Structures are given as structure tokens and as C-alpha cells.
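Remarks on the structure that follows.
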Number of protein chains: 2
Amino acid sequence: MAVAEDYVELVADLLREEGEARSVDIARRMGVAQATVAATVTRLQRDGLVATKPYRGIFLTEAGQAMASAARERHELVVRFFLTLGLDRATAEADAEGVEHHVSEATLEAFARFLAERKDMA
Amino acid sequence: MAVAEDYVELVADLLREEGEARSVDIARRMGVAQATVAATVTRLQRDGLVATKPYRGIFLTEAGQAMASAARERHELVVRFFLTLGLDRATAEADAEGVEHHVSEATLEAFARFLAERKDMA
DNA sequence: AGCAGATATTAGCCTAGGCTATGTTTTGGA
DNA sequence: TCCAAAACATAGCCTAGGCTAATATCTGCT
Ligand SMILES: [Mn+2]
Ligand SMILES: [Mn+2]
Ligand SMILES: [Mn+2]
Ligand SMILES: [Mn+2]
């Protein structure tokens with residue numbers, strides 16, 4: 001589901017940027033209540049995507065890391081595509097956040113082709 | 001919500017194509033149980049988007065028609081954009097069905113600009 | 001006219017994703 | 001050391017969107 005991808009992607013970001021991924025920070029960055037994060041994290045754990053060490057934050061399993069990096073790659077490709085299309089950064093980021101969950105591999109490849117063409121037109 | 005747009009868009013299509021929009025047909029075309037359609041239609045009615053005449057199908061209110069034509073326009077723009085980008089029809093349609101709900105006005109305008117440029121490149 | 005089959009509704013259930021309010025538990029600073 | 005504040009968990013509630021099974025209603029055909 002879309003939400004799972006966003007969570008693991010954010011957990012990966014927080015781990016990289018902050019060294020740890022705490023529930024509070026996830027709640028803040030996702031604009032959601034802490035209780036909501038708790039419930040979602042429980043599901044993610046059930047689905048084998050994350051593990052938690054209480055008061056020590058959230059960590060990614062192998063599966064979680066795989067999902068996170070795939071999500072990240074997709075996210076960045078969509079953003080770059082939108083930027084190249086002439087969107088401002090804020091819009092590109094905002095729309096990518098939703099669009100990324102609905103583009104097939106074939107479409108992502110088309111985006112990549114477009115970027116490649118643009119590049120060697122410079 | 002995304003589902004409301006898809007429903008009213010489909011109702012509009014059915015009214016145009018078939019003359020009437022029946023629950024059975026909506027269920028079939030959306031790949032959903034009839035009971036699900038009933039529940040959703042109840043919400044759409046509550047939200048002033050549709051009206052029903054039992055055993056005579058579903059109709060759009062003014063608001064519903066407005067939403068339907070906006071949704072249709074958006075849908076078609078996204079599909080045309082994807083096709084121009086080189087996607088096959090099936091992929092373009094499938095991805096558009098999800099993407100259409102996550103593109104801002106600014107992005108749609110960028111899509112339109114892209115199409116315009118392509119056109120006078122021919 | 002009457003009834004079988006199509007169509008629609010209702011009841012009862014489920015999950016995801018939200019919320020607030022109210023505990024617990026941990027931790028760092030005095 | 002110890003305790004207030006921060007972090008986390010739990011309980012209880014809600015809506016959207018799904019499902020199946022059972023029931024009701026309509027309609028077209030004979
Ligand atoms: Mn996202
Ligand atoms: Mn993302
Ligand atoms: Mn759609
Ligand atoms: Mn559509």
C-alpha cells in the first residue's frame with residue numbers, strides 16, 4: 001500500500017539524516033498523530049518491513065530496506081521528471097508524493113527515456 | 001476523494017454510452033461487488049453528487065456533472081500526455097486512472113504545454 | 001396475469017488509516 | 001539519585017471502502 005512505502009522511505013531518510021527514526025519525528029514529518037504512527041508501525045512490523053527497539057526508534061528489515069530504496073529511486077525519478085517538465089520544486093515534490101504510487105515500470109522507463117533525451121539535447 | 005471522481009466519471013460515461021447508469025454495470029466496470037456500489041452511491045448521494053431512481057439507475061446532480069467533466073478532462077489530458085511520451089494505450093490508461101487524482105493544476109498545465117510543443121514540432 | 005430472473009438493498013463483517021484522551025515508561029538534567 | 005518532560009502505548013471512537021449472504025423489488029416473457 002502507498003502508506004507503507006511512504007513510511008519506510010521516511011524511516012530510511014531519518015536513519016540516514018538523523019541516525020535514528022523516532023515515532024515523534026515520523027508523526028511530525030507526516031503530519032499525523034503519534035497514535036496513528038504507532039498503529040501503522042504495528043502493521044508494518046506485522047508485514048515484516050520494520051522492527052522497533054522501544055525508545056530507540058524504528059529500523060528497517062531487509063524487506064523494508066528493499067522497499068525503501070525502490071521507493072526512493074522512484075520518488076527521485078518522478079521528481080526529476082517533473083522538474084525537467086518545468087514544474088517548480090514544491091509542486092514537483094508534492095505531486096510526486098502521490099504520483100509515485102501509481103506509475104508502472106513502463107511509465108518510469110518512459111520518464112527515464114525522456115530525461116535521457118533532454119540531457120543530450122543540451 | 002479519488003473514488004468519488006471515478007464513480008461520477010463512470011456514471012457520466014454510462015449515461016452517454018448506454019443512456020442509463022445501472023448499479024450492476026458500475027459494479028462490473030469497476031470490478032466491485034454490487035453491495036459496494038450501493039454503499040458508495042449512498043455516500044455520493046449524501047454528498048450531493050448523484051441522485052437515484054430505484055431500478056432506473058443513477059443520475060448526476062449539477063455538482064456531479066461538474067465533477068465528472070473535470071475528471072474526464074483531466075483523465076484525457078493525462079492519457080494523451082502518456083501516449084505522447086511513448087506509452088502503449090493500455091499502460092497509459094491504467095496509470096492515468098491512478099495518476100489523475102494526484103496531479104495539481106500546475107502539473108496539468110505543464111502536461112498541456114508539453115503536448116502543445118510536440119504538436120508544432122511535427 | 002403471473003412468475004423467474006435480473007436488479008437492487010440490507011445486514012453483518014472486515015481492514016486501513018485517521019483522531020483524542022489517557023495512561024506508561026524512559027531518560028536526561030538538576 | 002530522582003523526577004519532570006519527552007516518548008511511547010493503549011483504549012475507544014470514527015469513516016471510507018471493501019466483502020458475502022440474504023432479502024426485497026421490479027420487469028419482461030410466456
Ligand atoms: Mn508518496
Ligand atoms: Mn515518496
Ligand atoms: Mn481514477
Ligand atoms: Mn479516470
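The structure displayed is predicted, hence computed values, not measured ones. Within every chain, numbering begins at 1; the chains are lettered A, B, ... in the order of the sequence lines, protein sequences first and strands thereafter. The basis for the numbers below is simple: all heavy atoms, side chains too, and nothing from hydrogens, waters or symmetry mates.
Rounded to an integer number of Å, the gap from CG of Leu14(A) to P of dA7(D) is 13 Å. Going from atom CD1 of Ile58(B) over to atom C1' of dT9(C) covers 12 Å, rounded to whole Å. As a whole-Å value, the separation of Arg46(A) CZ from dC14(C) P is 15 Å. Taking atom CG of residue Asp6(B) and atom P of nucleotide dG17(D), one finds them 10 Å apart after rounding to whole Å. When rounded to the nearest whole Å, the span between CE of Met1(A) and C1' of dG17(D) equals 14 Å.
For Thr91(B) (side chain) and Leu87(B) (main-chain N/O), no donor-acceptor pair under 3.5 Å exists by modelled atom type.
The neighbour count for Glu62(B) CD, taken as heavy atoms of other residues, nucleotides or ligands under 6.0 Å away, does not exceed 12.
Heavy-atom distances under 4.0 Å link DNA chain C to Gly31(A), Val32(A), Ala33(A), Ala35(A), Thr36(A), Arg43(A) of residues 18-44 of chain A, given in residue order.
Projected onto DNA chain C by closest heavy-atom contact, Thr52(B) and Asp47(A) fall at different nucleotides, the more 5' of which corresponds to Thr52(B).
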Residues 24-33 of chain A side chain polar contacts: donor-acceptor under 3.5 Å, at least two apart:
residue	atom	partner	partner atom	Å
Asp25(A)	OD1	Arg28(A)	NH2	3.3

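The distance from the OG1 atom of Thr107(B) to the CG atom of Asp95(A) is 3.5 Å, given to the nearest 0.5 Å. In this structure, the separation between CZ on Arg72(B) and CD on Glu5(B) is 14.0 Å, given to the nearest 0.5 Å.
Glu20(A) and Arg22(A) are joined by a salt bridge, as a carboxylate oxygen and a charged side-chain nitrogen come within less than 4.0 angstrom of each other.
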Please list, pair by pair, any protein nitrogen or oxygen found under 3.5 Å from a nitrogen or oxygen in nucleotides 27-30 of chain D.
residue	atom	partner	partner atom	Å
dT27(D)	OP1	Arg56(B)	NH2	2.4

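Side chains of His75(B) and Glu93(B): a donor-acceptor N/O pair is present below 3.5 angstrom, by distance only.
Heavy-atom minimum distance, Asp88(B) versus Leu83(B): C-CD2, 4.1 Å.
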